[in-house]
Q: 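Below is the structure I would like to discuss, written out as structure tokens.
Proteins get letters first, then strands, A, B, ... in listed order; numbering begins at 1 in each. These numbers were taken from a predicted model, which means no experiment stands behind them.
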Protein chains: 2
Amino acid sequence: MASIKDVASRAGVSVATVSRVLNEHPAVRPETRTRVLAAVASLGYRPNAVARSLRTDQTRALGLVISDVLNPFFTELARSVEDEARALGYSVVIGNADEQPALQDHHVRTLIDRRIDGLLVSPTDGGSPMITETAREGGTPMVFVDRWIPGLDVPVVRTDGTAAVRDLVAHLHALGHRRIAVIAGPAATTTGSERVEAFRQALGEYGLPLPREYVGQGDFQAASGRRVTAGFLDLARPPEAIFATDNLMALGAMDEIRARGLRVPDDVALAAFDDIPWFLHTAPPVTAIAQPTGELGRAAVRALVDRIEGRTAHSVTLTARLVVRRSCGETGDGGETGHTDETERSSR
Amino acid sequence: MASIKDVASRAGVSVATVSRVLNEHPAVRPETRTRVLAAVASLGYRPNAVARSLRTDQTRALGLVISDVLNPFFTELARSVEDEARALGYSVVIGNADEQPALQDHHVRTLIDRRIDGLLVSPTDGGSPMITETAREGGTPMVFVDRWIPGLDVPVVRTDGTAAVRDLVAHLHALGHRRIAVIAGPAATTTGSERVEAFRQALGEYGLPLPREYVGQGDFQAASGRRVTAGFLDLARPPEAIFATDNLMALGAMDEIRARGLRVPDDVALAAFDDIPWFLHTAPPVTAIAQPTGELGRAAVRALVDRIEGRTAHSVTLTARLVVRRSCGETGDGGETGHTDETERSSR
DNA sequence: CTGAAAGCGCTTACAG
DNA sequence: CTGAAAGCGCTTACAG
């Protein structure tokens, strides 16, 4: 591949001048500029970003470590992150932790070794050493998105689902459900514990208990949703309704319910945290709590770039909302509410 | 961040020696090695991959340019690519073309500027300049995955769906469907044209025509599936069955069918190319053609790494298979066939 | 077994 | 307006 030297000699100038032209430095004579540009074109020259990064100490790349790429929520998040980053002149390098702390650490380490300018992370567990260390030392600017780690001085861009969870409980209660179970995410993740806590709180407001056997421990992946659901259905008094705290565990729950020849909502009601286009077409359509995922990703990138470019970044909390469909039982109108942009959402 | 110089002075050796220890060069005295390692640990030193890349002319990173991250098929592909790459000691940098040739070119250019060691691409259209140029010049090793561009000397790792499409047509014919339409992908993509051609061929074997108005032009994204389906349903003689050549266009088709208050398969039968976990839970479960996606990604990485490391890479063609569910009508047994690993698939 | 030195491809203060 | 030179953080032939 042609280097800056080749361009310089072809244009009859020094590499410094070529560099100035490439970086749009104003102090270059127009004729010189033209000559350099011609040389660039005829050689098909492209600057070596690796060399440039070494020299300037910036890569114009952002790292994004997500818990699970196969989870449509994170896929959509990754997509909005990339869109916003590109708009601001950054590339993004994604690392998929697959809900494994060790893999998460591997990615954080690799990204830092590659000297990304900033790191966006949705931590898989509470205490990954690399992440804590990075946050403490402050070498690489970091922002948490969706999930975060308490006690670290890192901006957090996330969704508050408390009100939506309360709406969900009101909905379940109105439909007559009293024995209600929850499939929890890892307790060490904030989203894992918060969603269960909000749920417990809301149940309490209706005088409903959340007994230990109605709290199943999942890991945000489908297999765990299936396993936990099997446990619930094996109970002497199985729950009338199940709340899966993410969409993949809801998928696992549906797998198990279907395998047993049971039906939703007749035999068990089901609701999920995180809305995805397919929930509109499942049998029955799934009632879910929708996050403003696109805005979440964009706000996270903005916060991170603020930090990178020396501005102060602020945490952002967005609000989730309940989308009622039919998986918890028939409501009065039987239709879908609280959701005005279904077509747009599922038609991207 | 500590550099190799800091380590050298702390250990009382030259940077050359530190480098040798880091690269496990055998000719280092054990005591020296220990001293260097201690310095590395106490400083929390991590080698700068940017500098190393500049010096060694390799980044140990692979580029993956996919057509659409929001498509679960590509998400799964990306995941298997990353897994295999990591196993072979490479990172992967993903670029999402969003089915836009211009965006695809942007990513290819950016990845090449960053000097990735090799490029895996599933081309969005037929003639993207950057891709053709890269293939011709051979500067960066390249392998096509899923889709490819004819006439270029680039290994192709893909799935042959011809037999599965023929099985699908046999299935539709056995169920009594005669007026059968197809939602095509972009004609400039190989998967776009091949799937339609295989379908037309198979219909021909049953003496069924594929009239022009039964071929709708989509772009592999949901909105186009919806638009094309609307067109089909507005025909004086609408089709009895629709074959969507990817899962997102099937989603769009379901959106439109549902919006009109019609039902699958009673009013229209529906089948899709690409199988995804949700197809098991839709109303009704969707008959689909499944690709061995994981193996596709792994084989593509192996081929690319073969090229990068100077071995000869060979093209690979895997085989798709039909998974019969209920979206085309009831079969004798009413169940699912040709599919042994449903639980595993949807439970990852 | 170890070190001094060159060099990868850039950018940028410093001179002129 | 332009060039010579230093230097970013590494690796690696070359000496010793």
Q: Under the rule for side chain to side chain donor-acceptor pair (under 3.5 Å), what residues qualify as partners of R46(B), not counting sequence neighbours?
A: D113(A)

Q: Taking only heavy atoms on the protein side, list every residue of residues 3-14 of chain B lying under 4.0 Å from any atom of DNA chain C, sorted numerically.
A: V13(B), S14(B)

Q: What pairs with E309(B) under salt bridge (Lys or Arg N to Asp or Glu O under 4.0 Å), at least two apart in sequence or on another chain?
A: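 For E309(B) the salt bridge (Lys or Arg N to Asp or Glu O under 4.0 Å) partners, ignoring immediate neighbours, are R311(B).
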
Q: If you look at every heavy atom in L54(A) and L54(B), which pair is closest and at what distance?
A: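 Where L54(A) meets L54(B) most closely, the heavy atoms are CD2-CD2, 3.4 Å.
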
Q: Within the side chain of D117(B), is there an N or O that forms a donor-acceptor pair under 3.5 Å with the backbone of R60(B)?
A: yes

Q: Residues in side chain to side chain donor-acceptor pair (under 3.5 Å) with S91(B), at least two apart?
A: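 Listed in chain order: R114(A).
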
Q: How would you list all residue pairs meeting side chain to side chain donor-acceptor pair (under 3.5 Å) that involve residues 21-30 of chain A, not counting sequence neighbours?
A: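 Matches after skipping sequence neighbours: S19(A)-N23(A).
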
Q: Quick check against the 3.5 Å criterion: does R298(A) have a side-chain atom that pairs as donor or acceptor with the backbone of S80(A)?
A: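 A pair under 3.5 Å: no.
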
Q: Reading DNA chain C from 5' to 3', where do the contacts with chain B start and stop? Cut-off is 4.0 Å to heavy atoms.
A: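 First-to-last contact on DNA chain C, by the 4.0 Å heavy-atom rule, is dC1(C) to dG9(C).
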
Q: So, using salt bridge (Lys or Arg N to Asp or Glu O under 4.0 Å) as the criterion, who are the partners of R147(B) when residues are at least two apart?
A: E99(B)

Q: On DNA chain D, nearest-nucleotide positions of R55(A) versus T56(B): which is more 5'?
A: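 It is R55(A), whose closest nucleotide lies nearer the 5' terminus.
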
Q: Taking only residues two or more places apart in sequence, or in another chain, which ones meet D105(B) in a side chain to side chain donor-acceptor pair (under 3.5 Å)?
A: S128(B)

Q: Could you tell me whether E31(A) and R35(A) make a salt bridge, using a distance below 4.0 angstrom between a side-chain N and a carboxylate O?
A: no

Q: Requiring both pairing distances under 3.5 angstrom, list the stems that contain DNA chain D and are made of three or more consecutive Watson-Crick or G-U pairs.
A: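 Output for stems: C:1-3 with D:14-16, C:5-12 with D:5-12, C:14-16 with D:1-3.
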
Q: Could I get the full list of side chain to side chain donor-acceptor pair (under 3.5 Å) partners for S42(A), not counting sequence neighbours?
A: R10(A)

Q: How would you list, by chain and number, every residue that makes a salt bridge (Lys or Arg N to Asp or Glu O under 4.0 Å) with R302(A), sequence neighbours excluded?
A: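 Listed in chain order: E84(A), E295(A).
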
Q: At a heavy-atom distance below 4.0 Å, what parts of residues 15-33 of chain B sit against DNA chain C?
A: A16(B), T17(B), R20(B), A27(B), V28(B), R29(B), T32(B)

